[in-house]
Structure formats: C-alpha cells, structure tokens
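Questions regarding the structure given below will be posed in turn.
Throughout, residue positions are numbered sequentially from 1 according to the sequence presented. Just so you know, these numbers use all the heavy atoms, side chains as well, and skip hydrogens, waters and symmetry mates.
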Amino acid sequence: MVLSGTFESDVPRKETEALAADTHSASWDEVLAERLGVPSSVEALYLEEASYYRPVVTGDVFQGVPVPGSTDEERKHSLTMLLSHPSAMRKGPVLKERARAAPVISVANVSKTKYTSGHYDVFPLPTLSEVAARNGFAIEDEPWATLVELSGIVETAELDVTRRVACLAPEGLKLLIQKLVFADTRVAVREDSIANELAPKLEEIEQLETWNEAIALPRVEAGEDLETELAAVALDFETALEPLRPLLEDPTRRG
C-alpha cells in the first residue's frame, strides 16, 4: 500500500537559491509527494551494518566507484549507489560484469535528517553520514541523495565490499525500486506489489549472508583472502540452494 504522508525538508524551499552555486538542486512536486511511499522511519531505510559478508545488492552505497559521464561535482565525494535489480545483476552466484549505478551527491532541497518526498529523479538518503560512521567511513554531514536520472554502467569488479558505506534495508530497497520505476516510466507501482516480487530474492540474500558468516568468515579470520572465499562459498551455496528454490517462491514455506 502506498503511504500518503510526507516528510518535509530541513531546508525551506524558498531559501535554496541562497545555497552555494555548485550545490545540486532537485525540482519538487506536491502531487508526486502524495503518490510515492515514505519509510516508517528514517532508521527503517538502512541496515544496521554494511557487513563484508552480505552479498552485493541493489541500494548498496560504495566509495570510489565513479559513474562514467559524471561531472566533477558528482564525482567529488566519490559515492555511488548500485541500482540494478537483485536478480538482474547476477548470473547464478556470480555478479555480471556490469551493473547500473548512479552518483550520490549533496542536493540542496533534500533534508539531512528526514526523508524528503516529492522528487521525481532523486532518492534521498537522510542521516547517511551517521550510517557511514557506524560502518567506519567519514563522510560530510550533507543532504545526500542518489541522482537516479543520471544512472550509468559501472564495472562490478570495482564493487569492493570493504568500501561499502551503507546498505538499504528491505523497506528502503522497496522505496528505491518504486522511485526507479517512477523515474523511468512515471508509473507509481504499489509498494506491496514490489515487496511481494522482492521477497524470494531478499530471502535468498539473507540466507547467503548467513552462509557466508558460517563458512567464509572463519576462513578469512584464519588468514584466507576475503574476495576469494566469498566467491567460492557463493558457488557452494548456489549448488545447495538449487533444489530448494521452489520453497523460496512459496510464501507459506519460504525461510
């Protein structure tokens, strides 16, 4: 169900012109603010931790993976969000060579602390600096947002889990996909439809993360290479999961 409430920006809209000239500004639409969903809370947007052992997935924010074609302004903070759908970015257990991503930059009329609704082509990331700090990264306290309209292709070999600044929680991922569909088609897809479609893949991701923690983590702690172990364990997981996939598609037996 699409939520109807909105979270207003900390920055009064009439004052945005007074901000620095190099600050990106996104247009706001009152009707759109009523059509797309908002999170139950800002905290519900993010996972508590960007674990090395969580599979790379839609909504992950990485440092140091610039989107080709980005301007100097869009590159200067070196933050990028992965946008490819969880199913579209993989071939079996392996990431495809390329994936869709978009720059994350400071946007003038987006709030630092609240979810700002009403923008066609940006996905707001309130409190991102706090989330990044929990994961060991220092980024400026800015009104961060993803410029989904400026998405491009990045090489997945550059997506280093040790440089992952934040991960979206299922609620955040659902809202991101809703925004992506709307930005591309101007169609507001119901949130419950998105959640139902995502559920099997999210369950698989959670199970693979648990598998990684049980098998890859002890090996890495014993001195083995993180990237090598994650790749090997993912192959084993795929083999074990294959006969169980029908259970993932059944909501009464999933998990």
Side-chain angles (χ1 to χ4, degrees), residues 44-65 79-102 104 123 125 128 131-132 134-137 146 151 153-177 180 194-221 224-249 254-255:
L45 283 171
Y46 306 101
L47 292 180
E48 189 69 24
E49 177 189 12
S51 169
Y52 293 173
Y53 298 94
R54 181 171 178 81
V56 172
V57 70
T58 317
D60 287 355
V61 177
F62 290 90
Q63 195 170 61
V65 190
L79 295 173
T80 300
M81 176 177 276
L82 188 60
L83 299 184
S84 290
H85 188 277
S87 297
M89 70 174 68
R90 282 183 169 80
K91 185 175 182 180
V94 180
L95 285 173
K96 295 180 180 177
E97 292 183 356
R98 297 181 294 176
R100 183 184 181 190
V104 175
F123 183 74
L125 295 167
L128 180 61
V131 175
R134 291 202 303 263
N135 292 314
F137 295 89
T146 304
S151 64
I153 300 300
V154 297
E155 302 291 330
T156 58
E158 302 298 319
L159 302 176
D160 182 352
V161 292
T162 68
R163 303 299 297 167
R164 183 163 49 186
V165 172
C167 299
L168 292 185
E171 188 167 341
L173 181 54
K174 174 183 63 178
L175 292 175
L176 173 62
I177 290 178
L180 289 172
I194 295 171
N196 289 337
E197 187 276 333
L198 279 175
K201 196 63 182 180
L202 292 184
E203 179 65 32
E204 181 180 336
I205 289 166
E206 294 296 331
Q207 291 184 8
L208 177 52
E209 182 175 4
T210 300
W211 184 284
N212 286 341
E213 290 171 343
I215 301 174
L217 187 153
R219 295 176 182 174
V220 173
E221 289 182 337
E224 299 297 330
D225 178 69
L226 173 65
E227 184 177 352
T228 300
E229 290 305 318
L230 289 177
V233 168
L235 288 170
D236 293 340
F237 176 80
E238 183 73 12
T239 300
L241 182 67
E242 192 56 37
L244 303 177
R245 285 195 181 279
L247 299 180
L248 288 176
E249 301 298 331
R254 186 181 300 142

State, with a plain yes or no, whether a side-chain heavy atom of His85 is found less than 4.5 Å away from one of Leu180. no
Can you name the residues that form a side chain to side chain donor-acceptor pair (under 3.5 Å) with Arg164, not counting sequence neighbours?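 Partners of Arg164 under the side chain to side chain donor-acceptor pair (under 3.5 Å) test: Asp60.
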Validation row: Arg54, Val161 side chains within 4.5 angstrom (heavy atoms):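 Counting from C-beta outward, Arg54 and Val161 never come under 4.5 Å.
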Please tabulate, one pair per line, all N/O donor-acceptor pairs under 3.5 Å involving side-chain atoms of residues 228-238, not counting sequence neighbours.
from   : atom 1 : to     : atom 2 : distance (Å)
Thr228 : OG1    : Asp225 : OD2    : 2.8
Glu229 : OE1    : Arg219 : NH1    : 3.1
Glu238 : OE1    : Arg245 : NH2    : 3.1
Glu238 : OE2    : Arg245 : NH2    : 2.9

Do the side chains of Lys174 and Glu171 get close enough for a salt bridge, i.e. N-O under 4.0 angstrom?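 Salt bridge absent between Lys174 and Glu171.
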Flag the pair Pro170 / Leu198 as yes when at least one side-chain heavy-atom distance between them is below 4.5 Å, and no otherwise. no
To the nearest 0.5 Å, atom NZ of Lys201 lies from atom OG1 of Thr58 at 9.5 Å
State, to 0.1 Å, how close Arg100 and Ser84 come at their nearest heavy-atom pair, and which atoms those are. N-OG, 2.7 Å
Looking only at heavy atoms, which two atoms of Leu45 and Phe123 are closest? And how far apart?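 Closest heavy-atom pair between Leu45 and Phe123: CD2-CZ, 4.4 Å.
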If I take atom CD from residue Glu97 and atom CD from residue Glu155, how far apart are they, to the nearest 0.5 angstrom?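 If we round to the nearest 0.5 Å, Glu97:CD and Glu155:CD are 7.0 Å apart.
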When rounded to the nearest 0.5 angstrom, what distance separates CG in Leu95 from CG in Leu82?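 Taking CG in Leu95 and CG in Leu82, the distance rounds to 8.0 Å.
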With a sphere of 6.0 Å drawn around CD of Glu206, does it hold more than 12 non-hydrogen atoms of other residues, nucleotides or ligands?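 Yes, CD of Glu206 has more than 12 neighbouring heavy atoms, counting only those of other groups under 6.0 Å.
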Quick one: are Tyr53 and Val220 in side-chain contact, heavy atoms under 4.5 Å?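 Answer yes - side chains close enough.
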Flag yes if more than 12 heavy atoms outside Glu227 fall under 6.0 Å of its CD atom; otherwise flag no.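 For Glu227, atom CD is not crowded (no more than 12 foreign heavy atoms under 6.0 Å).
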Using a 3.5 Å distance criterion without hydrogens, assess whether the side chain of Lys96 forms a donor-acceptor pair with backbone atoms of Ala88. yes
Tell me the closest heavy-atom pair linking Thr156 and Arg98, and the distance in Å. CG2-C, 3.9 Å
Quick check: closest heavy atoms across Tyr52 and Thr162, and the distance to 0.1 Å? CE2-CA, 3.6 Å
Could you tell me whether the side chain of Pro86 reaches within less than 4.5 Å of the side chain of Glu204, counting heavy atoms only? no
Using the test side chain to side chain contact (heavy atoms under 4.5 Å, CB included), find all partners of Phe137 that sit at least two apart in sequence or belong to another chain.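 Scan of Phe137 (side chain to side chain contact (heavy atoms under 4.5 Å, CB included), adjacent residues dropped) gives Gln63, Ala132, Asn135, Arg163, Val165.
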Looking only at heavy atoms, what is the nearest atom pair of Val131 and Ala166, with distance? CG1-CB, 3.7 Å
Taking the side chain as every heavy atom from C-beta outward, state whether Leu128 and Tyr46 have any pair of such atoms under 4.5 Å apart.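 Leu128 reaches Tyr46 side chain to side chain.
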Can you see which heavy atom on Val65 is nearest to which on Glu158, and at what distance?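 So the two residues come closest at CG2-O, 3.4 Å.
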Any heavy-atom pair between the side chains of Leu176 and Thr146 that's under 4.5 Å?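 When only atoms from C-beta onward are counted, Leu176 and Thr146 do not touch, as no gap falls below 4.5 Å.
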